[in-house]
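Notes follow the structure.
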Amino acid sequence: MTGPAESKIEIPAKVYIHKRDPLTRSKIPHIDIEAPILNEIIRPNESTYASGKEGGVFIGLKREMLARLERLFEELEK
């Protein structure tokens, strides 16, 4: 993990490790990253690639997700 950099945009997010729990309908343990801005890049029910990396997790983006991210960058720069 390299930490802050000029080319990185930090976003506020809540990260949870879910256990099995009928109240949250969690049938298998998993990790949730909750931040509304992420749904502008990865829409609900879309799948992508995740890989472990030193100090965290890398989430790869498909072409259509990258296009949304580029539009988001343009909006953020205004």
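In this structure, CD on Glu74 lies 7.0 Å from CD on Glu70, to the nearest 0.5 angstrom.
Clustering of Ile, Leu, Val, Met, Phe, Trp and Tyr side chains at separations under 4.5 Å places Leu72 together with Ile9, Ile11, Val15, Ile17, Ile31, Ile33, Ile37, Leu38, Ile41, Ile42, Val57, Ile59, Leu61, Met65, Leu66, Leu69, Phe73, Leu76.
The salt bridge (Lys or Arg N to Asp or Glu O under 4.0 Å) contacts involving residues 57-67 comprise nothing, where partners must be two or more places apart or lie in separate chains. Residue pairs meeting the salt bridge (Lys or Arg N to Asp or Glu O under 4.0 Å) criterion with at least one member in residues 17-38: none, sequence neighbours excluded. The ring-ring contact (aromatic ring centres under 6.0 Å, His included) contacts involving residues 23-54 comprise His18-His30, where partners must be two or more places apart or lie in separate chains. For residues 36-49, the set of pairs meeting the salt bridge (Lys or Arg N to Asp or Glu O under 4.0 Å) definition, not counting sequence neighbours, comprises Glu46-Arg68.
Closest approach of Ala35 and Pro12 over heavy atoms only: CB-O, 3.4 Å.
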